[in-house]
**Student:** 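First the structure, then my questions, so here it is.
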Amino acid sequence: MNTTPEVEPNGGSDPACDKIPRPDLPQLRRTRLESALATLGKLIAFKEATSELNDSQKKAVGMAKDSHGTANRCFKKHRDEVAWAHCKQAYRFLIWAFDKNDIEAHRRALRREAETKLKSWRREAVLDVLGRDVAGSAEIGPAELSLAQFLFDLHYDNAYFKLEAAAVRIRKLPFFLGALIVLLIMGSFLGSVGDGDLFLVNPRKILLVMLVGVVGAALSNTLSVLGVATRIPEFVGEFRSWLVRPLIGALSAVGVVLVVQSGILPLKEPTGAALYAWGLAGGFSDQLLNRVMQQVEKKAKS
């Protein structure tokens, strides 16, 4: 059974390549999975067509094709996580069809990746399996290489799961933060207008402070997104953060202006435009969300 996409000869059009995906994060992630499945399918076909395989290697290729077919079926049913699992398993089966040169090349690459990216016991386990010294390491077989690849896959699966769990919690924040903003605005109508320039009892001022906080958060978020492609895991939280950041920026602006206006810091009490300048600066504190996600990512990879 051929599980690889068919391409029309003579430069013909491939319907799968002609589709223009919607430019949203879920579609980008599905496109990435679709690309991985197509690439793996071609790799399986190449290995099957260009190598003189013994019976054991032919069985490995057959198992890889079976797992690849299952991954494709799961993809069509939008069971993407299951599709990823079978896609990775298909590649680990394919390792058993590698010749000695393939195994050695992949071993060197995996060992370098382990030394750079892995930590604690997992790094030590992978290096134990692959060998620590390039020149002096004994020859390994497909079993060792497949195990090392499994440890890598498990590491990245765990990291992405933890980041997904954090993203799920982030999705709930807009409701909570939005309720706080509504309460603050309602409370501003209940305050006494005799409290001088205190912006908390002035609905117009508190709304303007929140607005400039949202502007600050928007600017901050734009700067963050410009660098998001440098770290793939940040895509997990980036989409939902567009909903959370403006609310964080609005509340941060209120908090910063309140602290500065209270006089507890050795700063001149802001009035006029200075009040909103502090609110704009407070909006940039939505970067706290960036730091939280980075800490989650760091712990997920440890």
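Just so it is clear, the model here is predicted, and its values are computed rather than measured.
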**Student:** Keeping the roles fixed (side chain from Asp66, backbone from Gly62), state whether a donor-acceptor pair exists under 3.5 Å.
**Tutor:**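 Such a contact is absent between Asp66 side chain and Gly62 backbone.
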**Student:** Testing the basics here: between Ala64 and Leu94, what is the closest heavy-atom pair and its distance to 0.1 Å?
**Tutor:**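 Heavy-atom minimum between the residues: CB-N, 4.0 Å.
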**Student:** If we ignore hydrogens and angles and just use 3.5 Å, is the side chain of Arg122 paired with the main-chain N or O of Ala114 as donor and acceptor?
**Tutor:**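 Flag not set: sc Arg122 to bb Ala114 has no pair under 3.5 Å.
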**Student:** Do Ile248 and Leu207 sit in one hydrophobic cluster, given that two such residues count as connected whenever their side-chain heavy atoms are within less than 4.5 Å of each other, even indirectly?
**Tutor:**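 Yes, because Ile248 and Leu207 connect within a single hydrophobic cluster, where side-chain heavy atoms sit under 4.5 Å apart.
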**Student:** Same cluster or not: are Tyr156 and Leu127 linked, directly or through other Ile, Leu, Val, Met, Phe, Trp or Tyr residues, by side-chain heavy atoms under 4.5 angstrom apart?
**Tutor:**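 The answer is no; the residues belong to distinct hydrophobic clusters.
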**Student:** Considering non-hydrogen atoms only, spot the tightest contact between Gly213 and Ala253 and give its length.
**Tutor:**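 Looking at all heavy atoms of both residues, the closest pair is CA-CB, 3.6 Å.
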**Student:** Once you round to the nearest 0.5 Å, how far does CD of Glu34 lie from OG1 of Thr39?
**Tutor:** 10.5 Å
**Student:** Looking at residues at least two apart in the chain, or sitting in another chain, which of them share a side-chain contact (heavy atoms from CB on, under 4.5 Å) with Leu247?
**Tutor:** Pro174, Leu177, Ile181
**Student:** Can you sort out the partners of Asp102 under salt bridge (Lys or Arg N to Asp or Glu O under 4.0 Å), two or more places apart, ordered by chain and number?
**Tutor:** Lys47
**Student:** Hey, does the side chain of Ser35 reach the backbone of Thr31 with a donor-acceptor pair shorter than 3.5 angstrom?
**Tutor:**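 Looks like no, no N/O pair under 3.5 Å.
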**Student:** Is it true that Val257 and Val214 fall in one hydrophobic cluster, defined by side-chain heavy atoms closer than 4.5 Å?
**Tutor:** no
**Student:** Working to the nearest 0.5 angstrom, can you tell me the gap between Leu110 CG and Lys117 NZ?
**Tutor:**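 If we round to the nearest 0.5 Å, Leu110:CG and Lys117:NZ are 10.5 Å apart.
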**Student:** Any heavy-atom pair between the side chains of Arg92 and Asp153 that's under 4.5 Å?
**Tutor:**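 They are in side-chain contact.
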**Student:** Would you give the length of the straight line joining atom SG of Cys87 to atom CG of Asp80, rounded to the nearest 0.5 angstrom?
**Tutor:**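 Here the interatomic distance stands at 11.5 Å.
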**Student:** Got a salt bridge between Lys100 and Glu104, using NZ or NE/NH1/NH2 to carboxylate O under 4.0 Å?
**Tutor:** no
**Student:** Apply the test side-chain contact (heavy atoms from CB on, under 4.5 Å) to residues Lys205 and Leu208: give CA-CA distance (whole Å), side-chain angles for both, the deciding distance (0.1 Å), then the verdict.
**Tutor:** CA-CA 5 Å; Lys205 283 188 177 181; Leu208 286 175; 5.7 Å; no
**Student:** Nearest 0.5 angstrom please: Asp99 CG to Glu52 CD, how far?
**Tutor:** 11.0 Å
**Student:** Enumerate the ring pair (Phe, Tyr, Trp, His ring centres under 6.0 Å) contacts for residues 83-126, please, sequence neighbours excluded, ordered by first and then second residue.
**Tutor:**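 Every pair satisfying ring pair (Phe, Tyr, Trp, His ring centres under 6.0 Å) with a residue in residues 83-126: Phe98-His106.
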**Student:** Would you find a donor on one side and an acceptor on the other, under 3.5 Å apart, between the side chain of Gln57 and the backbone of Asn54?
**Tutor:** yes
**Student:** Could you go through the side-chain contact (heavy atoms from CB on, under 4.5 Å) check for Met210 and Ile206 one step at a time?
**Tutor:** CA-CA 6 Å; Met210 288 182 178; Ile206 195 171; 4.1 Å; yes
**Student:** Once side-chain contact (heavy atoms from CB on, under 4.5 Å) is applied, do any residues pair with Ala90, and if so which ones, sequence neighbours excluded?
**Tutor:** Leu40, Ser67, His68
**Student:** Please confirm whether the backbone N or O of Gly141 pairs with a side-chain atom of Glu144, one donor and one acceptor, at under 3.5 Å?
**Tutor:**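 Side chain of Glu144 to backbone of Gly141: a pair is present.
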**Student:** Report the distance from atom CG of Leu37 to atom CG of Asn72, rounding to the nearest 0.5 Å.
**Tutor:**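 The distance works out to 5.0 Å.
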**Student:** Hey, could you give me the CD/CG distance between Gln149 and Leu130, rounded to the nearest 0.5 Å?
**Tutor:** 9.5 Å
**Student:** Return the minimal non-hydrogen interatomic distance between Val209 and Val212, and the atom names on each side.
**Tutor:** O-CG2, 3.1 Å
**Student:** With salt bridge (charged side-chain N to carboxylate O under 4.0 Å, His left out) as the test, would you mind laying out the steps for Glu124 and Arg132 before giving the verdict?
**Tutor:** CA-CA 9 Å; Glu124 298 302 313; Arg132 296 173 180 274; 2.7 Å; yes
**Student:** Does Phe152 belong to the same Ile/Leu/Val/Met/Phe/Trp/Tyr cluster as Ile95, with side-chain heavy atoms less than 4.5 Å apart forming each link?
**Tutor:** yes
**Student:** List in chain and number order the residues that pass salt bridge (Lys or Arg N to Asp or Glu O under 4.0 Å) with Glu81, two or more places apart in sequence or in another chain; answer none if no residue qualifies.
**Tutor:**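 Per chain and number, Glu81 pairs via salt bridge (Lys or Arg N to Asp or Glu O under 4.0 Å) with no residue.
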**Student:** Would a 4.5 Å heavy-atom cut-off, applied to side chains only, mark Lys88 and Asp157 as touching?
**Tutor:**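 A side-chain contact exists here, since the closest heavy-atom pair is under 4.5 Å.
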**Student:** Please list, chain by chain and in numerical order, all residues satisfying salt bridge (Lys or Arg N to Asp or Glu O under 4.0 Å) with Glu48, sequence neighbours excluded.
**Tutor:** Lys65
**Student:** Counting neighbours of CZ on Phe150 that are heavy atoms of other residues, nucleotides or ligands and sit closer than 6.0 Å, is the number greater than 12?
**Tutor:**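 Result for CZ/Phe150: open.
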**Student:** For the residue pair Ala125 and Leu151, what are the closest heavy atoms and their distance?
**Tutor:** CB-CD1, 4.1 Å
